[in-house]
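The structure appears below as structure tokens.
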Amino acid sequence: MPRDYQLQPFRSGAPLRIDYEGELNAQQFAAVSAPPGPSLVLAGAGAGKTRTLTYRVAWLIEHGVPAERILLLTFTNKSAREMMQRVADLLGGEQAQLWGGTFHSVGNRVLRRHAERLGYRQDFTIADREDAKDLLAACITAAGVDVKATRFPKPEVLGDLFSMALNTGRPLRDLIAAEHDSFLPLADLITDIQRRYAERKRGAGMMDFDDLLALWLRLLRENADLRDYYQRRFQHVLVDEYQDTNKLQAELLDELAGRHRNLMAVGDDAQSIYSWRGADFANILCFRERYPGAQVFKIETNYRSTPEILALANAAIAPNTRQFPKQLHAARPSGAKPVLVICGEAGEQAAFVAQRALELRDEGQRLDDMCVLYRSHFHAMELQFELTRRNIPFSITSGIRFFEQAHVKDVAAYLKLVTNPADELAFKRLVRMLPGIGGKGADKLWTAFSSVLGPVAPVAPVAPPVSDNDGGDIPSAPPGPHIAVAPLLSAVAGSAPKKSAAAWAQFTATVSQCEADDVREAPGRLIRLVVEADYEDYLKATYENPRGRLEDLEQLANYAEQFSGTADFLSQLALQTNVEAEENQPRDPDEERLKLSTVHQAKGLEFGTVFVIMLCEGLFPSGRSLDSIEGEEEERRLFYVAVTRAKNELYLCHPLLRFAQGGGNALQQPSRFLGELPKELVDEWNLRPTFNAYAERAPSPARTDFGDGEADADPVDPGDEPF
């Protein structure tokens with residue numbers, strides 16, 4: 001009979017560079033130094049979650065685990081960069097072999113190596129949200145749906161449905177019945193669109209964001225050798241914000257940790273607020289059932305907020321029944337009590353926030369260290385009017401994303417087509433820029449172009465040889481030979497309308513220049529070439545603010561120069577669509593702007609002063625959420641996230657009146673969350689205006705000491721609900 005042989009954890013004989021016990025508190029050290037096996041780290045708000053994760057990575061490396069055997073997964077590019085840099089700082093040098101990044105970026109990295117197993121070329125392109133919408137619209141047209149005669153869901157709605165079904169593992173028909181029952185008579189047709197969409201993506205050598213996860217999971221499940229390889233390669237898997245994982249992500253983690261079970265999941269159940277986009281609260285709540293014998297570590301010392309704010313935060317979350325009980329403790333000295341501000345009406349609430357922000361600024365606090373939080377964007381409507389009237393500069397954190405702007409996507413289409421001539425969306429976007437070519441004309445031209453192009457993708461599945469499990473990379477097939485696009489455009493020139501003949505010739509010449517050997521793999525040069533060749537004239541004739549847009553494209557070209565190849569740049573471009581516009585634009589470091597944000601957008605941020613507004617029943621919590629205990633508890637977690645953003649001062653604002661449908665003001669009941677707070681934890685302020693603080697009047701003279709006072713664009717947030 002075989003007998004078990006216990007391998008003891010390897011420990012390096014060299015002295016440790018880091019004094020872990022000296023630099024971490026006792027709870028953090030316990031998690032960082034945990035023995036192998038599954039572990040759940042419940043890190044409360046402001047308790048040093050990132051610090052714990054990065055020190056854990058350093059601990060593993062210093063104790064003999066090779067960096068290439070560690071996988072660190074996060075949810076945002078920003079947090080991934082920050083963690084990788086912190087590890088490098090701790091260990092005195094970059095850990096180039098450490099795999100770290102978002103789920104989607106790591107999925108892209110894996111799929112690039114083994115795309116042939118799934119019938120894709122390695123140079124597949126990634127469809128962002130706008131690309132997906134366009135492709136779905138093409139599928140609707142191809143299916144012969146008369147959208148004028150039938151209330152058929154728009155492409156954006158279909159995309160959300162397909163994404164939610166995939167990420168939550170729910171059958172599409174069940175999801176339609178539960179979330180969009182008015183579409184039930186169309187369920188068969190919607191399912192057909194889903195099939196067409198998948199076929200078109202595959203035929204175009206394209207994956208969307210959901211494919212980066214779903215196909216990664218499929219790759220592991222259908223290829224035992226690859227599954228075994230990656231399970232052996234990643235001896236330790238660490239994941240940040242585990243409470244935000246969906247079913248698909250949790251299953252990916254299960255596959256990766258299936259052999260060794262060395263999964264460290266770090267998160268906070270009290271900050272699980274994204275069920276509307278598919279996050280599954282049960283993943284963290286039931287972690288010990290998923291991983292029997294898992295250790296649970298609680299990190300409850302908060303370094304962000306004063307004891308008074310934390311006392312209120314603990315009281316705010318206490319009524320939830322489905323949670324891991326925690327008590328945040330402050331490392332900071334005492335401060336001011338949170339303030340409950342009773343306002344007469346919404347305009348008075350806006351006047352209070354504006355006045356108090358100016359008072360705090362006069363006391364020495366910067367405007368950009370203050371934030372106004374709300375449940376949904378429309379809650380801040382009066383406040384935006386008031387700030388504009390007073391010429392107080394503000395920014396809205398959900399501004400239009402830089403990489404999703406139309407002119408950026410136009411130029412990127414040239415790069416996509418040159419890199420992957422089977423990219424239907426890039427081709428159609430480009431030809432629709434030419435005079436006399438609309439949607440139908442683009443379809444006709446694509447048919448002609450694709451017939452000349454021939455079947456370049458998908459390729460036949462190939463099984464590359466697998467290494468001997470020593471941690472080395474599995475060799476992957478080299479990318480296929482470049483297919484020249486310009487000759488194909490010349491071949492179908494006769495299919496273009498006569499009025500576009502000259503423009504088609506210029507388009508072909510530009511593409512030919514882009515395909516030159518010394519340009520094709522230099523994305524920065526490609527962008528400048530496209531702009532100089534013919535796009536600048538199109539931009540000036542089509543868009544407002546052409547000067548600013550040209551500056552954007554120059555910044556994009558500068559950004560692209562850091563990449564070694566065009567395919568790499570395009571992958572990053574698609575993966576960056578969650579980066580805020582203001583994070584990518586140059587900004588005067590002395591410029592101050594009051595921050596306005598939904599609570600969902602502010603998660604992970606902190607500010608010296610926080611105002612939480614519109615704390616009215618039916619607004620925060622939202623009325624829709626109160627249909628279930630689960631919905632109410634998630635709203636309470638959202639409130640908890642809001643109050644724990646504050647470091648020094650916290651103002652909870654409740655207007656007694658607010659405009660209602662049909663005109664006039666309606667009485668507003670205070671949020672149930674305010675009623676759950678012990679009275680001794682707050683100071684109550686009743687406003688006593690000496691005049692109509694919100695009377696409509698002409699704007700006052702501009703204050704010149706703040707900046708230009710312009711607000712960022714304000715698209716609808718996924719958390720918004722109608723009034």
Side-chain angles (χ1 to χ4, degrees), residues 125 127-128 130-131 133-142 147 155 200 203-206 405-454 456 482-516 519-520 525-546 549-550 552-553 556-557 566 570:
T125 52
D128 62 18
E130 191 69 22
D131 292 334
K133 184 184 76 171
D134 291 345
L135 195 58
L136 282 165
C139 293
I140 292 171
T141 301
V147 294
R200 286 220 179 193
M206 178 186 300
Q405 296 177 101
H407 54 292
V408 173
K409 290 175 66 64
D410 288 345
V411 172
Y414 279 91
L415 278 64
K416 289 181 178 182
L417 186 64
V418 169
T419 302
N420 175 16
D423 191 327
E424 177 184 355
L425 296 182
F427 176 91
K428 288 182 176 179
R429 186 181 189 99
L430 292 173
V431 300
R432 284 199 301 266
M433 296 182 199
L434 306 181
I437 300 177
K440 291 183 178 179
D443 290 340
K444 176 184 174 183
L445 286 163
W446 170 251
T447 300
F449 180 84
S450 58
S451 66
V452 175
L453 173 64
V456 299
H482 172 67
I483 300 173
V485 177
L488 304 179
L489 294 176
S490 297
V492 299
S495 300
K498 291 183 179 180
K499 66 173 66 175
S500 66
W504 189 274
Q506 177 60 51
F507 171 47
T508 303
T510 300
V511 171
S512 178
Q513 290 176 286
C514 290
E515 293 183 299
V519 177
R520 190 175 69 247
R525 293 183 62 188
L526 270 173
I527 291 168
R528 293 189 178 94
L529 188 156
V530 167
V531 172
E532 293 169 3
D534 57 4
Y535 185 71
E536 182 174 352
D537 292 339
Y538 173 83
L539 184 148
K540 289 178 178 178
T542 306
Y543 298 115
E544 60 181 0
N545 187 24
R549 293 175 188 266
L550 288 171
D552 286 347
L553 294 174
L556 182 68
T566 304
L570 290 172

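Start at 1 with the first residue, then count along the sequence.
Note: L425 CG to L135 CG = 5.0 Å, rounded to the nearest 0.5 Å. Rounding to the nearest 0.5 Å places CG of D134 at 9.5 Å from NZ of K428. The distance from atom CG of D443 to atom OG1 of T141, rounded to the nearest 0.5 Å, is 7.0 Å. Between L430 atom CG and L445 atom CG the span is 12.0 Å, to the nearest 0.5 Å.
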side-chain contact (heavy atoms from CB on, under 4.5 Å) assessment of T566 paired with V418: CA-CA 9 Å; T566 304; V418 169; over 6 Å; no
Trace of the side-chain contact (heavy atoms from CB on, under 4.5 Å) decision for V485 with F449: CA-CA 10 Å; V485 177; F449 180 84; 4.0 Å; yes
L539/L553 under side-chain contact (heavy atoms from CB on, under 4.5 Å): CA gap, chis, key distance, verdict: CA-CA 11 Å; L539 184 148; L553 294 174; 3.9 Å; yes
Working for side-chain contact (heavy atoms from CB on, under 4.5 Å), residues Q513 and V519: CA-CA 8 Å; Q513 290 176 286; V519 177; over 6 Å; no
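For the pair S450 (side chain) and T447 (backbone), a donor-acceptor distance under 3.5 Å is present. Between the side chain of D131 and the main chain of D128, a donor-acceptor pair closer than 3.5 Å is present. Between the side chain of E515 and the main chain of A486, a donor-acceptor pair closer than 3.5 Å is present. Side chain of S512 to main chain of T508: no donor-acceptor pair is present (N/O by atom type, distance under 3.5 Å, no hydrogens or angles).
We find that R528 and E532 are not joined by a salt bridge, their nearest charged nitrogen and carboxylate oxygen being 4.0 Å or further apart.
Annotation for K409: atom NZ counts as buried by contact number, over 12 foreign heavy atoms lying within 6.0 Å.
Between M433 and Y535, the shortest heavy-atom distance links the atoms SD-CE1, 4.1 Å. Between R429 and A406 the shortest heavy-atom distance is NH2-O, 3.3 Å. Minimum interatomic distance between V431 and A442 (heavy atoms only, all atoms of both residues): CG2-CB, 3.8 Å. Nearest approach of I483 to P421, heavy atoms of both residues: CB-CG, 3.9 Å. Listed here is the closest heavy atom pair of C514 and L529: SG-CD2, 3.8 Å. Across all non-hydrogen atoms, the minimal contact from L526 to R520 is CD1-O, 3.3 Å.
The salt bridge (Lys or Arg N to Asp or Glu O under 4.0 Å) check on D423 picks up nothing, with sequence neighbours excluded. For K133, the side chain to side chain contact (heavy atoms under 4.5 Å, CB included) test picks out E130, P155, E156, with sequence neighbours left out.
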Please list every donor-acceptor pair under 3.5 Å in which a side-chain atom of residues 492-504 meets a protein atom from a residue at least two apart or in another chain.
unit_1: S500; atom_1: OG; unit_2: P497; atom_2: O; d: 2.8
unit_1: W504; atom_1: NE1; unit_2: L489; atom_2: O; d: 3.0

